[in-house]
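For reference, the structure is listed below as C-alpha cells.
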Amino acid sequence: HSDVNGILMEAYSDGAYLVGASAKNPRNHLKPFIHWTIQQLRPDQLEESFHLINSVYAKIYKGMGSLDATLSNEVRTPVRKRFGFNSPEHKMAKDLVKLSDDAKRILVKTNKAVVYQNCSDRIEFTTAEINQAIADNIDHPDPLHRAVILLTLSGSRPLELLGNRATYTPNDEMGDHWVNQDYVAKRSNDNYPPLTKPIIHLTSTEFISKVAKLREDLSVPYPNPVTPDGKLDTSLSADTNKVARKIFGDKEGVKLYTGRKIYGNLSYRYFRKSTKLFGKNPEFSIWLNNVLGHSEGCLGTSNHYSTIDISD
C-alpha cells in the first residue's frame with residue numbers, strides 16, 4: 001500500500017482522485033483511486049482495466065477472504081452502481097474481477113471447516129440468561145445497550161437498524177408482534193417485497209417506538225452512522241460489538257451478530273407455528289431465509305445460525 005500511495009501521489013499531484021469525505025487523508029490511496037477511475041472509464045476500457053485491477057489486488061491482499069471481500073466492495077459494487085445491476089459491465093466485472101477458481105475452492109473449503117468447528121463447539125445460552133439480558137438492557141441509559149437488544153429482538157442487520165436505512169411498520173394482519181421491514185442490506189436490487197417478520201418480547205408498536213428513540217439518541221454521538229460508501233460507521237460497529245460481548249456474558253466467540261443468531265433461533269421456536277406464511281411447519285433454514293431476508297439459494301446459511309445452543 002505504501003508503494004501504491006507513492007505511485008498515485010506522484011502521478012496525480014493534484015489529488016484528482018481524492019473525491020468525497022471517505023477520500024480525505026486516506027491511509028491507503030488505492031480504494032479512492034479505483035472508485036474514481038471506474039467513474040472515468042469508457043465501457044470499451046473496462047475489460048483491460050479489470051484484468052489489471054485483478055492483478056494488482058492479488059499482489060496486495062494475500063488473504064483470500066479479505067481479497068474476495070475487497071474486490072466486491074471496491075470494484076464490483078462501484079461498477080454495479082454506475083452501470084446497473086447485471087448490466088453487461090457488471091456481469092463482466094463479476095466474471096473478471098474475482099478469485100481464481102482454485103482460490104475460491106480453497107476459500108469455500110476453509111469457511112466450511114470453520115463453520116463445522118463452530119457448530120461442533122457451540123456457544124451455550126439459557127433462555128433465562130437471554131431474558132435477563134433483555135430486561136437489564138432494553139431501557140438502559142446507554143443507547144448502545146439498547147441497540148444490541150433491539151437488534152437481537154428484531155434480527156435486523158446493524159446497517160438496517162442502526163444505520164437508519166430500514167423503516168418498520170406494524171403488520172396488524174399477522175398479529176401484535178409482527179412488522180414489515182422495507183429495506184434489506186445485501187440485496188443487490190430493489191425488486192423484493194418488504195420483509196414480514198416477528199419481533200421477540202416487544203409488540204410491534206413498542207419496538208417501533210424504541211427504535212425511533214434509539215436513533216434519536218445515537219444521532220448525537222454518531223451523527224453520520226453510514227459512511228459515504230454505504231457501510232456502517234466503524235466506530236459505531238466497534239462500540240456495539242464491545243457492548244454485545246458484555247451483555248451476553250463475555251463468552252468466547254460472542255459478537256454483535258450473535259444477537260442475530262439468537263433471534264433466528266428464538267423466533268423459530270416461538271413463532272414458526274403461529275403462521276402459515278412460510279409453510280405449515282417450515283424447516284429452520286426456510287424460516288431464516290424469510291425472516292432474515294436471505295435469498296432462496298442460501299438455504300445452507302442456517303449452518304451459521306446453528307453455532308449457538310439455547311436451552312431452557
Side-chain angles (χ1 to χ4, degrees), residues 63 65-66 69 110-111 113-166 185-186 199-202 207 210-211 213-215 217-227 231-270 288 291-294 301-312:
S66 61
T110 301
N111 288 343
V114 171
V115 173
Y116 184 91
Q117 186 61 46
N118 289 339
C119 286
S120 301
D121 301 317
R122 295 189 293 171
I123 305 171
E124 296 184 15
F125 295 98
T126 65
T127 52
E129 281 182 291
I130 295 170
N131 289 337
Q132 192 62 55
I134 294 170
D136 290 344
N137 295 279
I138 189 63
D139 293 313
H140 200 284
D142 184 344
L144 291 177
H145 284 247
R146 285 180 274 138
V148 171
I149 296 303
L150 289 173
L151 287 169
T152 301
L153 300 182
S154 66
S156 291
R157 295 179 178 88
L159 181 61
E160 295 162 1
L161 197 152
L162 305 184
N164 304 340
R165 292 297 183 87
K186 295 194 174 183
I199 302 298
I200 298 170
H201 185 74
L202 300 174
F207 170 73
K210 288 183 181 297
V211 169
K213 181 67 166 62
L214 173 68
R215 288 173 169 175
D217 292 344
L218 286 176
S219 66
V220 176
Y222 307 97
N224 299 301
V226 179
T227 63
K231 305 293 183 181
L232 191 71
D233 174 73
T234 53
S235 296
L236 177 56
S237 180
D239 292 346
T240 45
N241 252 316
K242 292 177 184 176
V243 172
R245 287 193 291 270
K246 180 180 178 181
I247 286 176
F248 294 123
D250 206 23
K251 300 180 182 185
E252 184 178 356
V254 165
K255 52 187 177 180
L256 185 58
Y257 261 74
T258 300
R260 187 165 158 90
K261 295 179 181 182
I262 291 173
Y263 171 84
N265 283 266
L266 290 184
S267 66
Y268 182 69
R269 178 187 297 185
Y270 296 148
L288 291 180
V291 300
L292 297 180
H294 295 156
T301 304
S302 63
N303 292 329
H304 296 271
Y305 291 81
S306 300
T307 59
I308 65 170
D309 176 33
I310 303 175
S311 59
D312 289 327

Can you tell if the side chain of Ser154 reaches within under 4.5 Å of the side chain of Leu161, non-hydrogen atoms only? yes
How about NZ on Lys210, more than 12 heavy atoms from neighbouring residues, nucleotides or ligands closer than 6.0 Å, or not? yes
Below 4.5 Å, heavy atoms only, C-beta onward: do Leu151 and Arg260 meet side chain to side chain? no
Greater than 12 external heavy atoms within 6.0 Å of Lys251's NZ: yes
Can you find a heavy atom in the side chain of Tyr257 that is under 4.5 Å from one in the side chain of Pro158? yes
In Å, rounded to the nearest 0.5 Å, how long is the span from CG of Leu162 to CG of Leu236? 5.5 Å
Looking at every non-hydrogen atom in both residues, tell me the closest pair between Gly155 and Leu292 and how far apart they are. O-CD2, 3.7 Å
Please verify the inter-ring angle class for Phe248 with Phe125; under 30° counts as parallel, over 60° as perpendicular, anything in between as tilted. perpendicular
Nearest heavy-atom pair of Pro225 and Gly163: which atoms, and what distance? CB-CA, 4.2 Å
Do the side chains of Asn224 and Asp233 get nearer than 4.5 Å, heavy atoms only? no
Take Arg245 and Asn241 through the test side chain to side chain contact (heavy atoms under 4.5 Å, CB included) and record every step on the way to the result. CA-CA 6 Å; Arg245 287 193 291 270; Asn241 252 316; 4.1 Å; yes
For Thr258 and Gly253, work out which heavy atoms get closest and say how close. OG1-O, 4.0 Å
Can you measure from CZ (Phe207) to CD1 (Ile200) and round to the nearest 0.5 angstrom? 10.5 Å
Could you pull out the closest heavy-atom pair between Val291 and Ser267, with the gap in Å? CG2-OG, 4.3 Å
Closest approach of Leu214 to Ala147 (non-hydrogen atoms, all atoms of both residues): CD2-CA, 3.7 Å
Asp142 CG to His140 NE2 distance, which is reported to the nearest 0.5 Å: 6.0 Å
Test side chain to side chain contact (heavy atoms under 4.5 Å, CB included) on Val148 and Asn137; report intermediate values, then the result. CA-CA 8 Å; Val148 171; Asn137 295 279; over 6 Å; no
Determine whether Asn164 and Val226 satisfy the following criterion, side chain to side chain contact (heavy atoms under 4.5 Å, CB included), listing intermediate values before the conclusion. CA-CA 8 Å; Asn164 304 340; Val226 179; over 6 Å; no
Distance col, row Thr240:OG1 vs Leu232:CG, nearest 0.5 angstrom, shows 6.5 Å
Treating Arg146 as the side-chain partner and Asp139 as the backbone partner, does any N or O pair qualify as donor plus acceptor under 3.5 Å? no
When rounded to the nearest 0.5 angstrom, what is the spacing between NE2 in His201 and OH in Tyr270? 11.0 Å
Under 4.5 Å between any side-chain heavy atoms of Tyr268 and Leu288, yes or no? no
Closest approach of Ala244 to Leu256 (non-hydrogen atoms, all atoms of both residues): CB-CA, 3.7 Å
Do Leu218 and Leu144 have side chains that get closer than 4.5 Å, going by heavy atoms? yes
Roughly how far, to the nearest 0.5 Å, is OG1 of Thr152 from CD1 of Ile199? 11.5 Å
With the side chain counted from C-beta on, respond yes when Arg269 and Thr127 share a heavy-atom pair under 4.5 Å apart, and no when they do not. yes
Leu202 side chain near Ile138 side chain, heavy-atom distance below 4.5 Å: yes
